[in-house]
Amino acid sequence: MSRMTLIENAYVVTVDPEGRELPTASVLIDGTRIVAVGDPPGALPADVTRIDGTGCVLTPGLINTHHHLYQWVTRGLAADHTLFQWLTTLYPIWAGIDETAVRTAALGGLTSLALSGCTTTTDHHYVFPAEGGDLLGAEIDAAATVGLRFHPTRGSMDLSEKDGGLPPDSVVQSIDEILTASADAVARWHDTSPDAMLRIALAPCSPFSVTTDLLRESAGLARELGVRMHTHLAESLDENTYCDEHFGCTPLQYMESVGWVGDDVWFAHGIEFDDDEIGRLAATSTGVAHCPTSNARLGNRICRTRDLIDAGVPVGLGVDGAASNESCRMLEEAHQAVLMARARGGPTALTTRTAIELATVGGARVLGREADTGSIEVGKLADLVLWDLTSVAHSGIEDPVAALVLGAIPPIAGSWVNGRPVVAGNQVLTVDADEVAADVAAEHRRLIAKAG
Ligand SMILES: [Zn+2]
């Protein structure tokens, strides 16, 4: 049987370096890669799978650069609280998570991501209760089941309440435990091949939940192992106050002092950077995962997206965890990125096409995958989404990119990850979404009961 799929008659938004858009074009997939873009190719095997994209827009698959999948089973709590109040409400519930909770939550979160056009996602998992079991393995299993390209991070916390941090004692680990588990995760799962469906990064949680030693040693280990580094940074004014009181500097100055800048580092949020700091991020190619919905949900300030992009900082989009963004839909983040940037910087602060770039090739750059994914070009991985704009929600919208970014999230006619179909007819092909939904509800109830 042919390994080829031909998507025909679609409006193709390539997001290539020239920003080409091809109004009625074809894209040919062979195995895991895109092998032709533009005019319909000549002779093809008779059994090639043909997909009619009439009335649809084809984009690169969207890339999510920040998430906490386990939170899918702890949504809707502390809905009207500040970041620090929200965290202290949720930590005791998160202390009860185990393999079943994490696998169920990840299946829910990944299914929802797939239905919002995501083909590659990271995850920042940093809560490892002593009796929790193999939590990273549980979410990796879920990602393989749903079929998304996955860049989970081995997160960590080692600074609990008794030492001046925010999390309770039961969810933190020692530096030795963390470094051993991190090295094990890289040895077990990290795939350096260009087609890799699975790559690991290291991710101490935030300046207020980890020690300086853990940050320094995690950076050393990540660089020794050749993996990327991720953490939360410059998310809220409370964090600025914390860093000023504890370290006498800003969050970024603190991270710079422990080796946490470089083209192998990306920070979630990055709201509270000043001009000099944005220059230093650009000079070091340190990335930012912009999470507009979560930032607004928690009442934080608005990221300086335009300034970061103009300076040359790699910027991607992130849904952030489901406990601070109950929706977690990737295309919605592109919409919110436009609205937030314009609310801050006026009508020209971010175009709809720039928002699609952030959601695709921008995210690929942040995760170090831009050579292989993030745009529709011959030779790149076949991570693609075909959006159906024929229903009443989108029909007649003049500009297909405006329809995508400013309109409702369209039904997905088809999506492919590594050349494999994951969504068709707006249904996830790899899991039973109704079963996943029922499991998520049951797991939510179990965790709340467990926390008493
Ligand atoms: Zn986060």
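These numbers come from the heavy atoms of this one structure, side chains and all, not from hydrogens, waters or symmetry mates. Note that ligands are numbered from 1 as they come in the structure, with each ligand's atoms numbered from 1 the same way. For the single chain, residues carry numbers from 1 onward in sequence order.
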J.: I'd like to know if R304 and D275 make a salt bridge, using a cut-off of under 4.0 Å between side-chain N and carboxylate O.
T.: yes
J.: Please report, to 10°, the angle around the Zn ion (ligand 1) from atom NE2 (H68) across to atom NE2 (H66).
T.: 100°
J.: Measure from the Zn ion (ligand 1) to each N, O or S atom of E235 and report whether any distance is below 2.8 Å.
T.: no
J.: Using the ring of F128 (Phe, Tyr or Trp, six-membered ring only), decide whether R154 places NZ or CZ under 6.0 Å from its centre and within 45 degrees of its axis.
T.: yes
J.: Out of R199, R228, R369, which one pairs with H151 under the side chain to side chain donor-acceptor pair (under 3.5 Å) rule?
T.: R369
J.: Testing D372, T373, T32 for side chain to side chain contact (heavy atoms under 4.5 Å, CB included) with D195, which one passes?
T.: T32
J.: I'd like to know if the Zn ion (ligand 1) has an N/O/S atom from H232 within less than 2.8 Å of it, counting both backbone and side-chain atoms.
T.: yes
J.: Ignoring hydrogens and geometry beyond distance, is a side-chain donor-acceptor pair present between H67 and D320 at under 3.5 Å?
T.: no
J.: Has H67 got an N/O/S atom less than 2.8 Å from the Zn ion (ligand 1)?
T.: no
J.: Find, among atoms of D320 that are N, O or S, the one nearest to the Zn ion (ligand 1), and state its name.
T.: OD1
J.: So that I can check it, does any N, O or S atom in H269 come closer than 2.8 Å to the Zn ion (ligand 1)?
T.: no
